[in-house]
Amino acid sequence: MSDEPKRRPILSLKNPPKVVVPEGPKRPARAPPAPPPPPPQYDWKCKPCGAGLSIEETLADDVVIRCPACNAKLGTVADFRADPPPTKLRARPTKRA
């Protein structure tokens with residue numbers, strides 16, 4: 001005998017063995033996926049970047065509102081609640097469909 005170690009067999013995945021699946025009851029067809037939820041409705045749009053935002057009703061009037069996208073100072077909650085909004089407000093109301 002020779003002094004060489006035994007070689008492992010070469011594995012090949014080019015032609016894997018066929019697996020026989022026994023026939024059984026058919027699976028029911030899958031239901032179509034649910035439609036995606038509608039996009040959120042925002043009340044205001046940031047003038048500098050156009051990102052949408054909504055003002056929570058529970059906030060105090062002196063809280064400063066900043067844009068969630070660009071961090072621009074838009075105004076205070078009292079400015080957003082004023083009717084009509086002041087001209088210094090850096091957000092505009094969105095158009096509702």
Side-chain angles (χ1 to χ4, degrees):
M1 286 192 71
S2 67
D3 292 333
E4 292 182 26
K6 282 188 170 182
R7 291 186 175 185
R8 287 198 233 164
I10 297 174
L11 299 176
S12 174
L13 298 178
K14 290 182 181 177
N15 296 319
K18 293 184 179 180
V19 179
V20 178
V21 179
E23 288 193 30
K26 301 260 182 180
R27 291 185 194 170
R30 288 186 179 172
Q41 296 289 327
Y42 296 113
D43 298 328
W44 298 89
K45 267 189 167 180
C46 173
K47 284 183 183 177
C49 73
L53 65 131
S54 294
I55 308 300
E56 294 181 22
E57 296 294 325
T58 58
L59 294 175
D61 285 347
D62 60 343
V63 175
V64 174
I65 301 296
R66 292 190 167 270
C67 175
C70 69
N71 204 28
K73 182 179 175 184
L74 303 178
T76 63
V77 174
D79 295 335
F80 282 92
R81 291 182 181 154
D83 190 30
T87 57
K88 68 178 182 174
L89 195 63
R90 294 185 67 195
R92 60 182 176 271
T94 57
K95 295 178 183 176
R96 294 291 176 155

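The analysis underlying the following values was restricted to heavy atoms, covering all of them including side chains, and did not include hydrogens, waters or symmetry mates.
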Residue pair Cys67 / Pro48, side-chain heavy-atom distance below 4.5 Å: no
Whichever hydrophobic residues join Leu59 through chains of side-chain contacts under 4.5 Å: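 Traced through the cluster, Leu59 reaches Trp44, Leu53, Ile55, Val63, Ile65, Leu74, Val77, Phe80, Leu89.
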Which atom of [X] lies closest to which atom of [Y], heavy atoms considered:
X: Arg90; Y: Ala72; value: NH1-CB, 4.1 Å
X: Gly52; Y: Pro68; value: O-CG, 4.1 Å
X: Arg66; Y: Lys73; value: NH1-N, 3.7 Å

Contacts of type salt bridge (Lys or Arg N to Asp or Glu O under 4.0 Å), residue Arg81, not counting sequence neighbours: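 Salt bridge (Lys or Arg N to Asp or Glu O under 4.0 Å) list for Arg81, sorted by chain: Asp61.
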Contact list for residues 45-57, test salt bridge (Lys or Arg N to Asp or Glu O under 4.0 Å), sequence neighbours left out: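 Residue pairs passing salt bridge (Lys or Arg N to Asp or Glu O under 4.0 Å), neighbours aside: none found.
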